[in-house]
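Worksheet: the structure to be examined is printed underneath.
Both counts, for ligands and for their atoms, begin at 1 and track the order of listing. Numbers here simply count residues along the sequence, with the first being 1. Just the heavy atoms: all of them, side chains too, but no hydrogens, waters or symmetry mates, feed the values below.
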Amino acid sequence: MLIAEKPIREIVHEHRASLPTPYYLIDEARLLNNLKKIERVRERSGAKAVLALKCFSTWAVFDLMRPYLDGTTSSSLYEARLGHEKFGKEVHAYSVAFSDDEVDAVRRFATKVIFNSVSQLNRFYPAVKTLPVGLRINPGVSHSHFDLADPARRHSRLGASSLDELREAAPLLNGTMFHMNCENDDFEKFSALLDHIGRRYEFLLERLDWVSLGGGIYFTKEGYPLDAFCEKLKDFARRFDVRLYLEPGETAITSSGFLVTRVLDIVHNEMDIAVVDAAVETHMLDLLIYQTPAKMEGAAKEGPVYMVAGRTCLAGDIFGTYAFPEKLQVGSLIPIADAAGYTMVKKNWFNGIPMPSIVVRRLDGRMETVKRFTYDDYLNSLS
Ligand SMILES: *Cc1c(COP(=O)(O)O)cnc(C)c1O
């Protein structure tokens, strides 16, 4: 099933003269591998899948993605609008808290509205009741490696947690959303969470039309037991007679994006440090937030070792330390892997560092620069 994948280092070297760095590179062939797995899950399980725009909003590849997904899900009015304008199909409108104006605006193009609390549900129900209305539930259990990203952590505001409140709200609802996984690649753990939900919310699930299981299920990962996953989803949907939704973010785009950088300087302070023309803080902020090293494309087991660092003035702006197959020089290209999700959506102008352009490698191998940013974009981001 895997489309033949040309090594990314080869691709960027072929284009080293024509494509100025830094740039984000989305490889449609790699993206398609994930999309085909999503398609298989949709077909075999009957679940629908909506792309989580908060992870990935690079609309230049939405034409490729559209046939494999049922629409988008959002965390805000703007994301919902983007989904409506650029992706089409279903638009799940969710927000941790809507303002009055936002509810008014979003209901014009949302195909479902999902509230985060019973108080928002009660307040805005009259305005949206012609649409399918859902409520996010915090099931009190989750799978996350980071407290920062754990939606069931203590005092979490993410979703309704009181069963009494839920019983009262039930007549207004035709659906619900649970988002309780984060990078969960363990099918057994997912399965146990789903069983928990089935037991705890039986009274509610039986009366609903649809249930979204949120994102964070890493089912496109190599070796994930897709068939068992599909069976599990199908059983749950059948048991409660509901339509299931998945909200893939990271799993939809994993391994398909790169940040292609170039070495600008090599300095020495007890070790060799290669400073590149991009930065962690501005272009891959999530790594800093979660204190995880970047995945280095083409790092070697042995060879000259360099710390690869960004060029903001933040002392800890470091991608990581890696061995390379050969010595790095000023001008060497360094493509950093897994740079599509939670990266491009968080990029910022700190230090006035030039924003990487966005390049898409189309299925036919053509490299298309879909966006270039200039000083004017920086200027217009403030006033
Ligand atoms: C973040 C989020 C997603 C996507 O999560 P991934 O881990 O990127 O798959 C889906 N639904 C909701 C409600 C979210 O908050």
Side-chain angles (χ1 to χ4, degrees), residues 31 34-35 37-38 41-42 47-58 65 68-80 82-83 87 90-98 106 110 112-117 120 134-139 142-146 148-153 156-161 175-187 189-190 193-194 197 210-221 224 229 233 244-257 284-287 289-290 292 338-346:
L31 182 56
N34 298 330
L35 297 172
K37 287 187 188 169
I38 294 174
V41 168
R42 285 165 72 223
K48 290 191 174 189
V50 286
L51 177 68
L53 291 178
K54 82 157 194 272
C55 169
F56 183 77
S57 297
T58 309
M65 301 180 85
Y68 300 93
L69 289 150
D70 295 282
T72 57
T73 188
S74 56
S75 337
S76 64
L77 170 64
Y78 283 178
E79 280 189 358
L82 183 81
F87 201 100
E90 295 186 40
V91 176
H92 286 204
Y94 163 77
S95 171
V96 171
F98 284 110
V106 90
K112 284 186 179 64
V113 181
I114 302 172
F115 293 107
N116 182 63
S117 70
Q120 285 238 316
L135 175 69
R136 176 168 181 176
I137 295 176
N138 172 0
S142 59
H143 180 92
S144 173
H145 306 289
F146 299 95
L148 189 62
D150 180 357
R153 69 194 230 152
S156 173
R157 69 196 181 299
L158 303 173
S161 45
T176 181
M177 186 256 277
F178 298 92
H179 172 70
M180 66 230 152
N181 288 287
C182 180
E183 295 190 8
N184 185 359
D185 59 3
D186 183 330
F187 170 69
K189 292 206 169 122
F190 164 76
L193 281 174
L194 196 59
I197 283 174
W210 53 271
V211 174
S212 173
L213 298 176
I217 311 163
Y218 209 171
F219 63 86
T220 59
K221 193 176 175 178
Y224 194 88
F229 180 55
L233 296 176
L244 280 186
Y245 280 86
L246 301 170
E247 303 180 350
E250 186 67 41
T251 206
I253 49 84
T254 183
S255 308
S256 65
M284 292 191 77
L285 185 60
D286 237 32
L287 297 175
I289 294 175
Y290 292 102
T292 45
D338 249 339
Y342 299 102
T343 51
M344 306 172 80
V345 289
K346 293 193 178 192

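The two residues Asn116 and Arg157 have their closest heavy-atom pair at ND2-O, 2.8 Å.
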Please tabulate, one line per pair, the protein N or O atoms found under 3.5 Å from any N or O atom of ligand 1, giving the distance to one decimal.
unit_1: ligand 1; atom_1: 5 (O); unit_2: Tyr342; atom_2: OH; d: 3.4
unit_1: ligand 1; atom_1: 7 (O); unit_2: Gly216; atom_2: N; d: 3.3
unit_1: ligand 1; atom_1: 8 (O); unit_2: Glu250; atom_2: N; d: 2.8
unit_1: ligand 1; atom_1: 8 (O); unit_2: Tyr342; atom_2: OH; d: 2.5
unit_1: ligand 1; atom_1: 9 (O); unit_2: Gly216; atom_2: N; d: 2.7
unit_1: ligand 1; atom_1: 9 (O); unit_2: Gly249; atom_2: N; d: 3.0
unit_1: ligand 1; atom_1: 11 (N); unit_2: Glu247; atom_2: OE1; d: 2.5
unit_1: ligand 1; atom_1: 15 (O); unit_2: Lys54; atom_2: NZ; d: 2.6

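Under the ring-ring contact (aromatic ring centres under 6.0 Å, His included) criterion, Phe87 pairs with Phe62, sequence neighbours left out.
The residues Lys54 and Glu79 are annotated as not salt-bridged, no charged nitrogen and carboxylate oxygen being separated by less than 4.0 angstrom.
For His92 and Tyr245, the ring centers are positioned less than 6.0 Å apart.
At a threshold of 4.5 Å between non-hydrogen side-chain atoms, the residues Phe98 and Val113 count as touching.
Rounded to the nearest 0.5 Å, atoms CD1 (Ile217) and CG (Leu233) are 7.0 Å apart.
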